4 protein chains.
Amino acid sequence: MPRTEEQLNKIRKDRKQKIKDTALEVFAAHGYESASISMIAKKAGVSKGLMYNYFESKEDLLGTIMMEGIDEMLPLIDPDNDGVLTKEEFVFLIDESFRIMKEKINYYRLYFSLMMQPSVMNLFADKLNEVAAPYIKIFVDYFEKKGSKKPMLEAIMVGALLDGIGFNYAFNPDTYPLDDVVELVKEKLV
Amino acid sequence: MPRTEEQLNKIRKDRKQKIKDTALEVFAAHGYESASISMIAKKAGVSKGLMYNYFESKEDLLGTIMMEGIDEMLPLIDPDNDGVLTKEEFVFLIDESFRIMKEKINYYRLYFSLMMQPSVMNLFADKLNEVAAPYIKIFVDYFEKKGSKKPMLEAIMVGALLDGIGFNYAFNPDTYPLDDVVELVKEKLV
Amino acid sequence: MPRTEEQLNKIRKDRKQKIKDTALEVFAAHGYESASISMIAKKAGVSKGLMYNYFESKEDLLGTIMMEGIDEMLPLIDPDNDGVLTKEEFVFLIDESFRIMKEKINYYRLYFSLMMQPSVMNLFADKLNEVAAPYIKIFVDYFEKKGSKKPMLEAIMVGALLDGIGFNYAFNPDTYPLDDVVELVKEKLV
Amino acid sequence: MPRTEEQLNKIRKDRKQKIKDTALEVFAAHGYESASISMIAKKAGVSKGLMYNYFESKEDLLGTIMMEGIDEMLPLIDPDNDGVLTKEEFVFLIDESFRIMKEKINYYRLYFSLMMQPSVMNLFADKLNEVAAPYIKIFVDYFEKKGSKKPMLEAIMVGALLDGIGFNYAFNPDTYPLDDVVELVKEKLV
DNA sequence: GATGAATGAGAATTCATTCAT
DNA sequence: CATGAATGAATTCTCATTCAT
């Protein structure tokens with residue numbers, strides 16, 4: 001009995017996901033350039049040729065992974081946020097951010113490893129801004145409410161702090177005292 | 001008549017420097033893997049072959065650049081530091097760090113772009129630690145003196161903050177308000 | 001529809017054999033160092049890249065060819081030999097040796113051309129010894145039985161004689177009177 | 001005081017000899033293709049450029065070495081030989097041949113390593129024949145005198161034997177029992 | 001759809017040779 | 001004459017991508 005259309009779709013979907021997951025792993029571990037399609041195909045248990053059935057090119061594979069990674073981070077920002085963040089919400093936002101980071105450490109490694117290459121990052125600039133902008137806005141609002149004189153600058157600084165912690169953690173996830181640092185950050189900021 | 005030893009030394013020194021400068025630029029702009037020896041040679045105005053007269057391999061070229069970059073950063077740390085940092089010294093250290101960063105922005109781009117690749121970074125881990133360790137020590141001392149309960153954690157957090165600012169600045173040197181952020185950091189920390 | 005495992009095996013086997021055959025020819029004609037992968041690929045009618053689908057490196061290609069060549073020579077030695085060689089067996093051994101040499105002239109050319117390079121030959125020393133040792137043993141036994149005072153030395157001398165004939169024949173296969181010389185050798189030795 | 005013409009000539013001659021000696025050593029040890037001009041220049045203590053002052057090309061250097069090597073072997077053959085070789089003269093010829101071989105082992109290694117490459121050997125074919133021909137003639141004469149039915153074939157066989165001994169010795173000069181083998185050869189032949 | 005053999009452009013590297021000094 | 005910096009063609013090898021089956 002031939003497979004139904006539905007079954008085929010599920011197979012396709014699962015396999016595509018498997019390829020993306022594997023590619024992310026390999027990209028994160030070796031860097032985008034050093035990772036080869038062969039390596040990914042073998043690790044994902046599919047043929048090289050099949051990769052091109054699902055993705056137009058290595059660059060497309062990278063693009064899809066990065067775009068989806070960004071998309072997954074978007075809902076993190078409170079959609080009901082009315083611009084007036086309470087302390088509790090602020091703390092929650094930070095906690096969530098680092099929870100996601102731990103969970104999606106490979107995404108972060110990939111982003112960090114590519115951010116210095118304008119030729120690559122330009123492709124994702126707009127999308128990344130979609131994630132960063134609301135963050136900045138929330139931080140600005142928060143510091144404004146707290147009566148800060150330079151809320152934008154404070155927001156930028158906090159952004160840098162969170163990036164820095166993420167970078168250090170991504171560089172050395174095994175020994176970095178992420179949770180303790182995050183606690184300290186919250187203490188300082190609220 | 002052959003050139004004098006002195007002439008040769010000058011030629012060699014100049015050429016080698018020219019190659020290193022160009023390579024750093026290209027590495028920083030495209031990433032180590034994506035940058036090709038051809039690209040660097042062309043930009044430096046020398047033949048591909050000559051590159052190998054001065055450096056054993058692409059990896060050796062990278063290594064030399066990174067090592068020298070680190071060496072240039074070492075003297076930044078006050079060698080007479082007795083472990084008791086005054087506010088003024090602390091501020092000076094931060095100022096110096098960012099002054100160097102602006103001046104050596106390409107080094108930072110290169111470091112940041114390579115840090116997620118363990119296979120590369122392990123080669124420089126020891127040397128990098130030579131730079132980072134005194135920083136951490138100074139920060140710890142400083143926060144201890146200030147009566148902090150968790151001086152180590154605070155030092156780690158400040159390290160992350162500085163890294164984050166550097167990363168953001170390196171990502172977008174043209175529009176990042178580095179000076180203002182640094183001012184704010186100093187305000188907050190002292 | 002993908003090819004069956006069987007089809008693939010046949011393709012791989014055939015192609016690999018074609019490459020080995022061509023490479024042996026080219027190595028034997030130009031010498032290992034002077035023969036280029038391009039040259040072999042073109043002559044074999046495949047792309048350069050494909051060479052590396054079948055052999056890890058030029059050295060691996062050489063190694064495979066030499067090892068297989070040696071393996072083909074091993075069965076030549078009478079496996080039932082009980083150490084007591086009759087005249088007839090001795091003559092047969094010599095005949096066989098030169099029959100193989102004529103058939104596998106390119107192998108011999110390759111071996112002779114590489115034997116003066118210790119860096120290469122060391123890789124095959126053990127394997128070559130597997131071929132040479134039984135020969136020597138048989139010769140020693142034979143001369144012992146004949147009542148020779150210095151059977152080992154006679155064996156070494158005969159070995160040199162056979163090598164020399166092979167070398168001269170390989171050097172000039174078109175005009176060397178191999179068969180006549182072999183006849184004379186047999187006459188002298190038995 | 002400037003050097004006299006004569007002194008200059010001597011310097012030139014000595015240096016040229018030094019280069020040839022070194023090149024022979026390096027060629028014999030690594031093989032012609034694998035030996036580089038740089039390697040030879042450094043080992044000879046001269047600059048790369050100077051090499052081309054004395055030899056037109058790497059091939060010319062090889063050619064000169066091989067030609068001179070052959071020339072040195074020519075006088076070995078008894079110039080007064082009237083075609084009637086006594087046993088004593090025959091034995092002396094063989095002794096001399098192997099004495100030269102021991103002394104000039106590097107020449108032999110070089111010849112043996114190149115003989116399978118027609119593109120190289122054709123350049124020296126005529127010259128080599130000048131050496132080989134009188135040998136063959138002498139051997140033929142000798143065996144004729146001894147009443148052999150096939151003196152030419154015997155001469156060819158003896159030639160092969162001597163070549164084979166040389167080849168084996170050159171392959172492994174440290175452990176090959178050259179002297180004993182030579183003694184045995186003389187015993188058998190006279 | 002699925003496979004992996006096959007391609008070819010391009011990368012790093014080597015080295016004989018040239019030439020300004 | 002002498003030097004070694006400089007060149008460029010050739011070499012080995014890699015890998016994203018294509019395509020016959």
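For clarity, every value in this text was computed on a predicted model and none was experimentally measured. The sequence lines fix the lettering, A, B, ..., with proteins before strands; numbering per chain opens at 1.
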(request) Give one of base, sugar-phosphate or nothing for B:T4, where a contact means two heavy atoms less than 4.0 Å apart. (result) nothing

(message) Students often get this wrong, so: under 4.0 angstrom with heavy atoms, is A:A41 touching a base, only sugar-phosphate, or nothing?
(response) nothing

Per-pair distances, 0.1 Å, donor-acceptor, side chain in residues 108-119 of chain D, under 3.5 Å, sequence neighbours excluded:
from: D:R109; atom 1: NE; to: D:A28; atom 2: O; distance (Å): 3.4
from: D:R109; atom 1: NH1; to: D:A170; atom 2: O; distance (Å): 2.6
from: D:R109; atom 1: NH2; to: C:M116; atom 2: O; distance (Å): 2.6
from: D:Y111; atom 1: OH; to: D:M66; atom 2: O; distance (Å): 2.9
from: D:Y111; atom 1: OH; to: D:I70; atom 2: N; distance (Å): 3.2
from: D:S113; atom 1: OG; to: D:R109; atom 2: O; distance (Å): 3.4
from: D:S113; atom 1: OG; to: D:L110; atom 2: O; distance (Å): 2.9
from: D:Q117; atom 1: NE2; to: C:H30; atom 2: O; distance (Å): 2.8

(message) I need the single residue from B:F27, B:Y52, B:Y32 that forms a side-chain contact (heavy atoms from CB on, under 4.5 Å) with B:L61. Which is it?
(response) B:F27

Nucleotide [N], atom [atom2] - distance to [atom1] of [X] in whole Å:
| X | N | atom1 | atom2 | value |
| --- | --- | --- | --- | --- |
| D:M39 | E:dC15 | CE | C1' | 10 Å |
| A:I37 | E:dG8 | CD1 | P | 20 Å |
| B:L62 | E:dT13 | CG | P | 12 Å |
| C:I40 | F:dT11 | CD1 | P | 11 Å |

Give the minimum heavy-atom separation between [X] and [Y], together with the two atoms involved.
| X | Y | result |
| --- | --- | --- |
| D:A35 | D:K58 | O-NZ, 2.8 Å |
| B:K20 | B:I65 | O-CD1, 3.7 Å |
| D:M67 | D:L123 | CE-O, 3.9 Å |

(message) Within residues 42-52 of chain D, which residues have any heavy atom lying less than 4.0 Å from an atom of DNA chain E?
(response) D:K48, D:Y52

(message) I need the residues from residues 7-33 of chain B with at least one non-hydrogen atom less than 4.0 Å from DNA chain E; give them sorted by number, or say none.
(response) B:Q7

(request) Inspect the surroundings of CD in C:E59 and state if more than 12 heavy atoms from other residues, nucleotides or ligands are less than 6.0 Å away. (result) no

(request) Take atom CD of B:E56 as the centre, draw a 6.0 Å sphere, and report whether it contains more than 12 heavy atoms from other residues, nucleotides or ligands. (result) no

(request) Could you tell me whether the phosphate oxygens of F:dC1, OP1 or OP2, come under 4.0 Å of any side-chain nitrogen or oxygen in D:Y54? (result) no

(request) In plain terms, say whether A:K13 and A:E6 are close enough for a salt bridge, that is, a side-chain N and a carboxylate O under 4.0 Å apart. (result) no

(message) Salt bridge or not between A:D14 and A:K10? Use side-chain N to carboxylate O under 4.0 Å.
(response) yes

(request) Tell me, please, which residues at least two apart from A:D126 pass salt bridge (Lys or Arg N to Asp or Glu O under 4.0 Å). (result) none

Extract all donor-acceptor atom pairs below 3.5 Å that involve side chains of residues 39-46 of chain B and protein atoms in other chains or at least two apart in sequence.
from: B:K43; atom 1: NZ; to: B:E25; atom 2: OE2; distance (Å): 2.7

(message) The side chain of B:R3 is closest to which nucleotide in this list: E:dT17, E:dT21, E:dA12?
(response) E:dT21

(message) Reading DNA chain E from 5' onward, which residue's closest nucleotide shows up sooner: B:K58 or C:N53?
(response) C:N53

(request) For DNA chain E, just give me the dot-bracket, please: Watson-Crick or G-U, both distances below 3.5 Å, ( ) intra-strand, [ ] crossing earlier pairs, | paired with another strand, . unpaired. (result) .||||||||||||||||||||

